[in-house]
**Q** 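My questions all concern the structure below.
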Amino acid sequence: MPDTATVPASAPTAALLDAIRAIVGDRGILTEQSDTAPYAEDWRRLYQGRTAAVIRPGTTQELAAVVTLCARSGTPIVPQGGNTSMVGGAVPNADGSELILSTSRLNRIRDLDPADMTLTVEAGVTLKAAQIAAAEQGCLLPLSISSEGTAQIGGVLAVNAGGNNTVRYGNARDLVLGLEVVLPDGTIWNGLRRLRKDNTGYCLRQLFVGSEGTLGIITAAVLKLAPQPKEIAVALCGVESPEAALQLFTRFQAHDAASISAFELMSGLGMSFVLKHIPGATMPLASPAPFYALVELASPRPGAGLRGMLEQILEQALADEIVQDAAIAESDAQRAALWRLREEHSEGQKREGASVKNDVSVPVSKVPAFIRKATAACEALMPGIRVVPFGHMGDGNIHFNLEQPIGSDGAWFLAQDHAIMDAVNEIVREYDGSFSAEHGIGKLKPYMMPDWRGGAELALMQRIKAAIDPAGIMNPGKVLP
Ligand code: 2HG
Ligand code: ZN
C-alpha cells in the first residue's frame, strides 16, 4: 500500500483498492510507488503524475467489474496502453486521485481469418505483435508507427493513430470494423462485428476511435487486413528542399499512385541527431543533404516491377536535379536500416535535448510553404531555436518540432511551449490545416480546442461526453477543455 502520510484526501480509499484486488488478484494491481511511477509519467517526461494504483485486469469482464466499482465511488480512471502518448494522453494528474487502468494483460489474439481478412485482437496486444500475427497468415495489418513495438492496439485506436502508411491505407479509424468497449458505468458493449457493410444507425465504434479514453475503454477490436506485399522497393533520397521532395512525390503519384505505401520527409538536422545519438545508425548517401525523402513502393503482385520503376523515376529526378543523391535498399536488412533512420527521429531528438512538438497537418500541396513560413516564424520568435520538421509528407502530416537553442536551459525552453505552438498554429491556420494530425489532444492541447473547434462542434462533443460519461470519470482533463 502507498504511504498514507503522503496520500491526499481525494485518493481512492483502501476499501476500494481491496475490492479491486479481490477482482483482479495480486498480479492485477500495483500499489508500490516504485512500481506505479513509470506508468504515471509520459514518454516525453512532460508530466509527472501520481496514482494510488495501477490496475491490470486480465479479462474484459474483470476490467468491467473494476470500472463498475469506480463508477459507484466516483473514482476517476486513466486508461493506459503502451504509454507512448506524445500529448500526455495516458498520464494521471499529480494529486493521486486517479487510478490507472492498464490494458497490458488483455493481450490475446482472439481470431484471425485470412478469408475474411480480419484480425480480432484485445487492446493490450502491441501493434507489432498484431502485425506479426497478420503476416504469419500471409496478410498485412497496414498500420505502422514508430512506437509500434510498445504502443498497444487499444491506445492506437483510442487516439486514431496515423503513421507511415496513411497515404495508402488511411488512419487507424479506416481499419476498424468492430469494437468491444467498457463504458463508464461498467457496461460491456460487444460490437465485435466483422462486416464490411452494416448500416444500423449511428456508427458508435467511430465515436470511440479518437476519443482518447474519455468515453470508455476499448478492450478489443476487429481490424481490417490487406494482402501482404509480394514486392517492396525502398529508397532514401537527398533533396535540396521540401519543394523538391514534393516534386518527387508528385512524380511517383503521376507514375503509379497506387504503388506508394509511404512517402516521408526528414530534415538534415533531424537526421544528424539520429546519426549522432542512435547506435548503429549510418548514412548510406555520400554527402549530407538539407532534406531527405524516404519512399516506399509496395505491391501484392509478384513481379510488379517496382524496383525498375523506382530506378527509372529516380534517374530522371537526378537528371532534372530534383534529387541530389539516392540509395535504394538491396535487401530486407538494408530496407530496415533505411527505415530506422526515419523511425529513430523522435529518440534522436529526445537525446539531443528539450523539444516542443507540433503534430500538424496541411494539404499535401502546402507542406513546403508551411515549413518555410513556420520556420521563419519560430526563428523570429526565438533566435537560435532549431527547427526539426519531419513526418508523413505523403498525407500532409508534418511533425514540426523545435529543439532548444544550443546551450540554453531545457526547462526555460519548455516553459515557452505555448508561445511556440501558437506561432506554428497561426501558420497552420493560414493553410487550412489542423493543430492535431495523429497524436491527439491529450493533456497538452485541450486549451486549443475552443479556438479551433469552438461553437457548435465543441458544444456537441461536450454533450456527447456528458451523455456517455455523466460523472466525468473517464480520463478527466483530456481532450475537452
Ligand atoms: C513519428 O512519426 C511519430 O515518428 C513521432 O509520430 C513524431 O516525435 C514526433 O514528433
Ligand atoms: Zn508521425
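Keep in mind the model is a prediction, meaning the values are calculated, not measured. Both ligands and their constituent atoms are indexed starting at 1 by order of listing.
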**Q** May I have the angle between His392 NE2 and His399 NE2 with its vertex at the Zn ion (ligand 2), rounded to 10°?
**A** 100°

**Q** Salt bridge or not for Arg194 and Asp111, using N-O below 4.0 Å?
**A** yes

**Q** Would you call Lys478 and Glu212 a salt bridge, taking side-chain N to carboxylate O under 4.0 Å as the test?
**A** no

**Q** Evaluate whether atom CD of Glu321 has more than 12 neighbouring non-hydrogen atoms of other residues, nucleotides or ligands under 6.0 angstrom away.
**A** no

**Q** Do we see a donor-acceptor contact under 3.5 Å between the side chains of Thr375 and Glu379?
**A** no

**Q** Among side-chain atoms of Glu347 and His277, is any donor-acceptor pair under 3.5 angstrom?
**A** no

**Q** Under a strict 4.0 Å criterion on non-hydrogen atoms, which protein residues are in contact with ligand 1?
**A** Met86, Ser146, Arg342, Ser346, Lys357, Phe390, His392, His399, Asn401, Glu438, His439

**Q** To make sure I understand the geometry: which N, O or S atom in Glu438 is closest to the Zn ion (ligand 2)?
**A** OE2

**Q** Is the shortest side-chain N to carboxylate O distance from Lys366 to Glu430 below 4.0 Å?
**A** no

**Q** Within less than 2.8 Å of the Zn ion (ligand 2), any N, O or S from His439?
**A** no

**Q** Going from CD1 on Ile55 to OG1 on Thr103, what distance comes out if it is rounded to the nearest 0.5 angstrom?
**A** 13.0 Å

